[in-house]
Number of protein chains: 2
Amino acid sequence: MNISQAAQRSGLTAKALRYYESIHLLSPKRAGNGYRDYSERDLETLHFIRRARAVGFTVDEVRSLLVLHHNPSRRSHDAKALVEEKLTHIEAQLRDLREMRGALRRLADSCAGDESPECAILDSLCGGVCDG
Amino acid sequence: MNISQAAQRSGLTAKALRYYESIHLLSPKRAGNGYRDYSERDLETLHFIRRARAVGFTVDEVRSLLVLHHNPSRRSHDAKALVEEKLTHIEAQLRDLREMRGALRRLADSCAGDESPECAILDSLCGGVCDG
DNA sequence: TCTTGACCTTCCCCTTGCGGTAATCTTTAA
DNA sequence: TTAAAGATTACCGCAAGGGGAAGGTCAAGA
């Protein structure tokens, strides 16, 4: 099938499909006219990529997952390790974001938010040492 | 003071300082030899930038904050609006990350993680329709 | 047959926020 | 004097594509 059909059926964009090919995540055949020709197997790979991306894997990590996926002598241990590593990373991001959220809430709470130029937010960002 | 001192005292890198100047976040004087010469006021701006970046603001948002900071006829309402907008955005990111974490946990839990090639993670990413 | 419009192709620039490196001054200390 | 340290500009690179230009193809209608 043509690229736009493959894009639609996979839930990705044609641009993304070309990108994935350019970095050798998959290599669809070419028709006689030079058009990409995606097989059902290619489509499965695209679905795999989309799902893996959706849970946070980078394309490089997706590449590793695809290698495991295509390797019949793989060990499920290796796939699980990739998932757990990603989990650890996401938990770190969650901690960072929660800290930012807390700081932002304190900033917002400290500020009247009115027509006055006096602003505890700007004062706080400046470290309390600025004159304006 | 020279760039490396300003970097050290602000907790930023010299590279970042040059970048901030290149995008006109601040404009330190130049000494006769062409070296940047950071004033105490510049240093305050750098501290401001570092704190704002630390709570999640993009450099473009920092620019808006600096405009308010330097504008004596500002309204604290405007600063608070920027903080709340950022807060909304970060909460959306938190939701996304929590969803990813949930999905990854389910994937990890579903997988034995042993020496066998049978792997529920890879099956699930493939949508249950792949043969391998 | 011609044309029009919808596809497809490759190619290159743009994004964020700097990091790394190179080539080239200037200053400073021995 | 010379060597090291620190400064300057300039360019390339990252992730993961998006946007758009210039041009080839294909299917349908007049």
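Protein chains get the first letters and strands the later ones, always in sequence-line order, with residue 1 at the start of each. Predicted model, so just to flag it, every value in this text is computed and none were measured. Values below: every heavy atom of this structure, side chains too, minus hydrogens, waters and symmetry copies.
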Distance (rounded to the nearest 0.5 Å) between A:Ser4 OG and A:Arg9 CZ: 12.0 Å
Summarise protein proximity over nucleotides 19-30 of chain C in one line of letters, 5' to 3': B for base, S for sugar-phosphate only, - for none, counting protein heavy atoms closer than 4.0 Å. BBB----BS---
What one should report as the nearest heavy-atom pair of A:Leu43 and A:Ala6 is CD1-O, 3.7 Å
Going by side-chain hydrogen bond (donor to acceptor under 3.5 Å, both in side chains), name the residues that satisfy it together with B:Asp123, two or more places apart in sequence or in a different chain. none
Looking at CG of A:Leu65 and NE2 of A:His69, how far apart are the two atoms once the value is rounded to the nearest 0.5 Å? 10.0 Å
Please state whether the phosphate of D:dT8, meaning OP1 or OP2, lies under 4.0 angstrom from any side-chain nitrogen or oxygen of B:Arg36. yes
When rounded to the nearest 0.5 angstrom, what is the spacing between CD in A:Glu40 and OG1 in A:Thr45? 11.0 Å
Does the pair B:Arg53 and B:Arg50 meet the rule for a side-chain contact (heavy atoms from CB on, under 4.5 Å), with working shown? CA-CA 5 Å; B:Arg53 296 278 299 125; B:Arg50 185 174 62 77; 5.8 Å; no
Give the rounded distance in Å between these two atoms: OH of A:Tyr20 and C1' of D:dA15. 11 Å
For atom CG of B:Leu12 and atom P of C:dC18, their distance in whole Å: 8 Å
Quiz: residues 90-108 of chain A side-chain donor-acceptor pairs under 3.5 angstrom, not counting sequence neighbours:
{"unit_1": "A:Glu91", "atom_1": "OE2", "unit_2": "B:Arg105", "atom_2": "NH2", "d": "3.2"}
{"unit_1": "A:Arg105", "atom_1": "NH2", "unit_2": "B:Glu91", "atom_2": "OE2", "d": "3.2"}

Using a 4.5 Å cut-off on heavy atoms from C-beta on, say whether the side chain of A:Phe57 contacts that of A:Val62. yes
Would you please test A:Asp37 and A:Ile3 for side-chain contact (heavy atoms from CB on, under 4.5 Å) and show each step? CA-CA 7 Å; A:Asp37 184 13; A:Ile3 194 170; over 6 Å; no
Show every donor-acceptor pair shorter than 3.5 Å between a side-chain atom in residues 13-25 of chain B and any protein atom, with sequence neighbours excluded, or say none if there are none.
{"unit_1": "B:Thr13", "atom_1": "OG1", "unit_2": "B:Ala16", "atom_2": "N", "d": "3.0"}
{"unit_1": "B:Glu21", "atom_1": "OE1", "unit_2": "B:Arg36", "atom_2": "NE", "d": "2.3"}
{"unit_1": "B:Glu21", "atom_1": "OE2", "unit_2": "B:Arg30", "atom_2": "NH2", "d": "3.2"}
{"unit_1": "B:Ser22", "atom_1": "OG", "unit_2": "B:Tyr19", "atom_2": "O", "d": "2.7"}

Whole-Å distance separating the CD atom of A:Glu61 from the C1' atom of D:dC14: 15 Å
Atom pair distance, as rounded to whole Å: CZ in A:Arg18 and C1' in D:dG17: 12 Å
Return the value, rounded to whole Å, for the distance between atom CD of B:Gln8 and atom P of D:dG6. 11 Å
Please report the end-to-end axis angle for the helix from C:dT1-D:dA30 to C:dA30-D:dT1, five pairs per end, rounded to 10 degrees. 30°
What is the distance, rounded to the nearest whole Å, between atom CZ of B:Arg30 and atom C1' of D:dG6? 14 Å
Which whole-number value in Å describes the distance from B:Ile3 CD1 to C:dC18 C1'? 13 Å
Ranking C:dT9, D:dA16, D:dA7 by distance to the side chain of A:Tyr19, first place goes to D:dA16
Please report the closest heavy-atom contact between A:Leu82 and A:Ser64, naming both atoms and the distance. CD1-CB, 4.0 Å
What is the distance, to the nearest angstrom, from the CD atom on B:Gln5 to the P atom on D:dA7? 9 Å
Near DNA chain D, counting only heavy atoms under 4.0 Å, which residues of residues 51-60 of chain B show up? none
